[in-house]
Structures are given as C-alpha cells and as structure tokens.
Number of protein chains: 2
Amino acid sequence: MDKPLRMIAEASLRRMPSYWRVLDEIGNNGQEFVSCTEIADRFHQDPTQVRKDLEGAGCEGRPRVGFAVNETKRCIAEFLGWNNTHDAFLVGAGNLGAALAGYEGFQPAGLTIVAVFDNNPEKIGAKLAGKPVLRVERFRNLAQRMHVQIGIIAVPAHAAQETADMMLESGIKAIWNFAPRKLSSPEGVVVENADLTPSLASLSAKLRMKRDQEVE
Amino acid sequence: MDKPLRMIAEASLRRMPSYWRVLDEIGNNGQEFVSCTEIADRFHQDPTQVRKDLEGAGCEGRPRVGFAVNETKRCIAEFLGWNNTHDAFLVGAGNLGAALAGYEGFQPAGLTIVAVFDNNPEKIGAKLAGKPVLRVERFRNLAQRMHVQIGIIAVPAHAAQETADMMLESGIKAIWNFAPRKLSSPEGVVVENADLTPSLASLSAKLRMKRDQEVE
DNA sequence: TAGATTGTTAATCGATTAACAATC
DNA sequence: TAGATTGTTAATCGATTAACAATC
C-alpha cells in the first residue's frame, strides 16, 4: 500500500503459502515472534531467502527480535490477495471437478467455488459437493450478474480452449486451468496452469535416473 | 543409455510433457519432421530453448530437416521413464483420491493406480473408479509382494508425514505428495510435491496486482 | 554495552537467450 | 551450391547465496 509494488519473482511468490502455514503453526503454539532462521529450518532452506521473500511481500521484522507471527501472517495474506474473498465458477463436473468443488484447502486463500457448470444433461440439476451443477450456457449471464472474476477449468484437454474463450467473453479476469494444455489468451488476463503432467514427469524421470544409477 | 546421464535442469524436465503432446498432435496430422521453431511457436517460446531441452533429453535432429516426430516422441518418453509402466498405490479415498484414481491423463506416462488405501471403515471394501479400497494396514505387505515403487499421498495435511513414513518403511521409492505440507524424507528418496497452494497463490496475487494497477 | 537478528548490497550460480559454426 | 536448421559456445539475465552494515 505505502510501498511501490515491485515485481516479485514467481518462485518467491510460490513459496509464500509455506511461510504462511509455518507461521500459522508457530502461532498456534503461542509463540509471538520468529526468526527467519527458524522458518528456514523447517524446509531446510536458506534463511536469507526467507528474509528476501518476506521483504518482497512488504513484511517487516525487528532486529534482534524477529518477525511478529500474527502481523506477518496478515502481511502475507494481504500480499497474496487472500484477505479479499473470491467467488469462482468451475467448469467441468467430472472426477477432478468434484475434487476441486469439495476441497477445503482453498479456504485460507478466500477462494469459494459458488457454482459448477457442465454440458452433460445427466449432471445438470444435481449437486456436486453441495454446489449446484448448471448448464454451461448459463455461465456468461451469471458471471456478469455476480461479478465473478475467477474461472476454473476442469474439462478434458480438447475442450479447454473453447472453455477459456467462453470465460473471457464472460468477463472472467483470471483462469485456473487444470486441463493438460497451454491456453492462448489475450495480454492482461491472468492464466495459471495447474496441469499435473510436469509434476509427474519430474517424478518418473527422477525415478528412472535413480534406477539407472543403481544399475551402474 | 549410451550417453552419460547429465543432470538436466528441473525446469527443462517439466517442459518435456508439452513437447511430447505437441509432437503427438503433429504426428497425428501425418507430419514426419518438425523444426524447433515450429514447436516453440505453439507456446510462444524460444526455439533455442526447445533445442537445448531436446538435446538434454538425448534427442537428435537433422540439420535442414528438423526432428523426426515419432523418433523424438519415443526419445522423450524414454527419457521421462514413460516406456516402463509403473504401478502405484494411492493412500486417501477422499475427493482428491477419487479424482486421481479416475484420471486418465496419466496413461501416456505409464502410471497405473492399482489399489487405493484408506482407514475409514465405511470406504474399505468399496471401489473407487474401479479400484479396490483396502485397509491402510495392508499397504506394506502388498507393496512388498507386488514390488510397487510409487506411493501417492492424498490424505489431509496432518496425516501426510506419517503416511510418507509408512510408505518408506514399505519400500516405496518415490512419493507423489498432494497434501499441502513439505515432507521430510531420507536422502535418495524421490519426493515430488503436487500441492496446489503455490499455484493458487500465484493466481490470486497476480489478480490482486492487476486490480491495484487498475486503481492507480 | 554486547549480541542477535534484520536489512541491504555484492558475489555467485544457473538458466535462458543470442551468436555463429557445422551439416545435410 | 545455397539455404535452412541443427549443434554448440558465448553473453545475458535473473535468482540464490554470501557478506556485512544497521539496529534494537
């Protein structure tokens, strides 16, 4: 707010939730202050990196004392935009959609999936994790009326791009894409890919390398 | 196999599945050769990076002609360990577990979830996406008998570490962790975190920055 | 004051990008 | 041959890590 919004590194940004979680745990133990070293130790990470990351988020500590646990939690949440609650629409009522609709871990982030959309008549009208499943044709109208800004894509890969296009036409500002496909989208729209395939590739390649080493 | 196994960058590794997918598409169009530039254009990426990545995976192209589509697909699959099929055990039969058990996108990677484990008596004995749900106490014995090397964690955060410990005692060599918590594990074990929180943090922080900019 | 920890600047490291030579 | 594209080495860029000054 008072500080100029410097561009912070993507990698740094992605470490923030871990910091938040550690602070949450430490706070629940009744501890009021914590040093970067203590935070870093929990992940076998460099204390300097923690300090830099927190600085980037605009959090301030006190020399000799450390960072105030609750204040720093608030600061991270503020930085990540987790203090404003976000309503989101989810498209795709399959297995993955069901998991996302029912997942409770998004709560600290203030993310609430308020409705699910699908084009399968058998699913429409039912509930998914307590949320109504609606005809995908209703997305646009409802998104505009409710000022929903986040769209979550959990459809098969071949339908991902058209779903994204539809979302953008509906005024969606940010897309969280779980389909294994890169989306093309206009400049200025926030697109975050949550495709699991890179993670699986890393796992299996490392497992293979390990095996190859053992054979040698 | 013939080449020394150089350490390849993590980021490069994670780009491999996209290359494989593009090659798959191009191959299905009947095209036999493809240049790095053509691959790169699909992601608005640098052609040099594609070339470097493929080189790192041990794939070879032909000057003036490009990379042979099918050969390069095979090369990437080989590099990622996708030619050997992997059986995996999944622990946690909740929403997320159901999504993973039913997800078909793991097939190109040769990953098959053969059994699901849980400690909730109501779930045990049922099927999840066609796979049997078993008592978690049976994990160890079955894993050793079936030589299963990959364990997938889809339990709540507070149970993640004990699940990991149990897996490692059972001889599991690689853990794919979907719980939002870093795991501590001995050197040499492959642990890949698929926690969604960093992805969500990136999304919401960027959305907030965008909004802040518009206000100015 | 002394000492611990932050804040900040400098050095290192690695990944990405650019340049150019090799090749079919 | 000429030209397109690979293969490879060099330059740039950015992120991580180290060093040290500032501060309570």
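Chain identifiers are assigned alphabetically (A, B, ...) following the order of the sequence lines, protein sequences preceding nucleic acid strands; residue numbering begins at 1 within each chain. Because the structure is predicted, anything quoted here is derived from the model rather than measured.
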Exercise. Can a side chain N or O of Arg15(A) be found less than 4.0 Å away from OP1 or OP2 on dT16(D)?
Worked result: yes
For this session: Would you mind reading off the distance between Phe33(A) atom CZ and dA4(C) atom P, rounded to a whole angstrom?
Result: 18 Å
Exercise. Side chain of Ala9(A): nearest nucleotide among dA15(D), dG7(C), dT6(D)?
Worked result: dA15(D)
Seminar exercise, completed: Taken to the nearest whole Å, CD/Glu55(B) to C1'/dT8(D) is 7 Å
Exercise. Within the side chain of Ser204(B), is there an N or O that forms a donor-acceptor pair under 3.5 Å with the backbone of Leu80(A)?
Worked result: yes
Exercise. Quick one: are the ring centres of Phe106(A) and Trp176(A) less than 6.0 Å apart?
Worked result: yes
For this session: Please determine, for the side chain of Ser35(B), which listed nucleotide (dT16(C), dT5(D), dT8(C)) has the closest atom?
Result: dT5(D)
For this session: Could you label the plane-to-plane angle of the Phe89(A) and Phe117(A) rings as parallel, tilted or perpendicular, counting under 30° as parallel and over 60° as perpendicular?
Result: tilted
Exercise. Any Lys/Arg nitrogen of Arg21(A) or Asp195(B) sitting under 4.0 Å from an Asp/Glu carboxylate oxygen of the other?
Worked result: yes
For this session: Kindly say whether Pro198(A) contributes a backbone atom to a donor-acceptor pair with the side chain of Ser202(A) at under 3.5 angstrom?
Result: no
Exercise. CG of Asp53(A) versus C1' of dT8(C): gap in Å, rounded?
Worked result: 15 Å
For this session: Specify the residue among Gly66(B) and Ser12(A) whose closest nucleotide of DNA chain D lies further upstream toward the 5′ end.
Result: Gly66(B)
Exercise. Is the ring centre of Trp20(A) less than 6.0 Å from the ring centre of Phe79(A)?
Worked result: no
For this session: Rounded to the nearest angstrom, tell me the gap between atom CD in Gln49(A) and atom C1' in dT6(C).
Result: 17 Å
Problem set entry | His86(A) (side chain) donor-acceptor with Ile113(A) (main chain) under 3.5 angstrom | no
Exercise. Starting at the 5' end of DNA chain D, what dot-bracket string do you get if Watson-Crick and G-U pairs under 3.5 Å are bracketed, crossing pairs use [ ], other-strand pairs use | and unpaired bases use dots?
Worked result: ..||||||||||||||||||||||
Problem set entry | Distance, rounded to the nearest Å, where Arg14(B) contributes CZ and dA15(C) contributes P | 14 Å
Problem set entry | Heavy-atom donor-acceptor pair, Lys131(B) side chain to Ala101(B) backbone, under 3.5 Å | yes
Problem set entry | Spacing between Leu13(A) atom CG and dG14(D) atom P, to the nearest angstrom | 17 Å
For this session: Could you check how far CD1 of Ile39(A) sits from C1' of dT6(C), rounded to whole Å?
Result: 12 Å
Problem set entry | nucleotides 18-24 of chain C: protein proximity per nucleotide (B base, S sugar-phosphate only, - neither; heavy atom, under 4.0 Å) | B----BB
Problem set entry | Whole angstrom value for the distance that separates P of dT16(D) from CD of Glu10(B) | 14 Å
Exercise. Hey, is CD on Gln107(A) packed in by over 12 heavy atoms from elsewhere, all under 6.0 Å?
Worked result: no
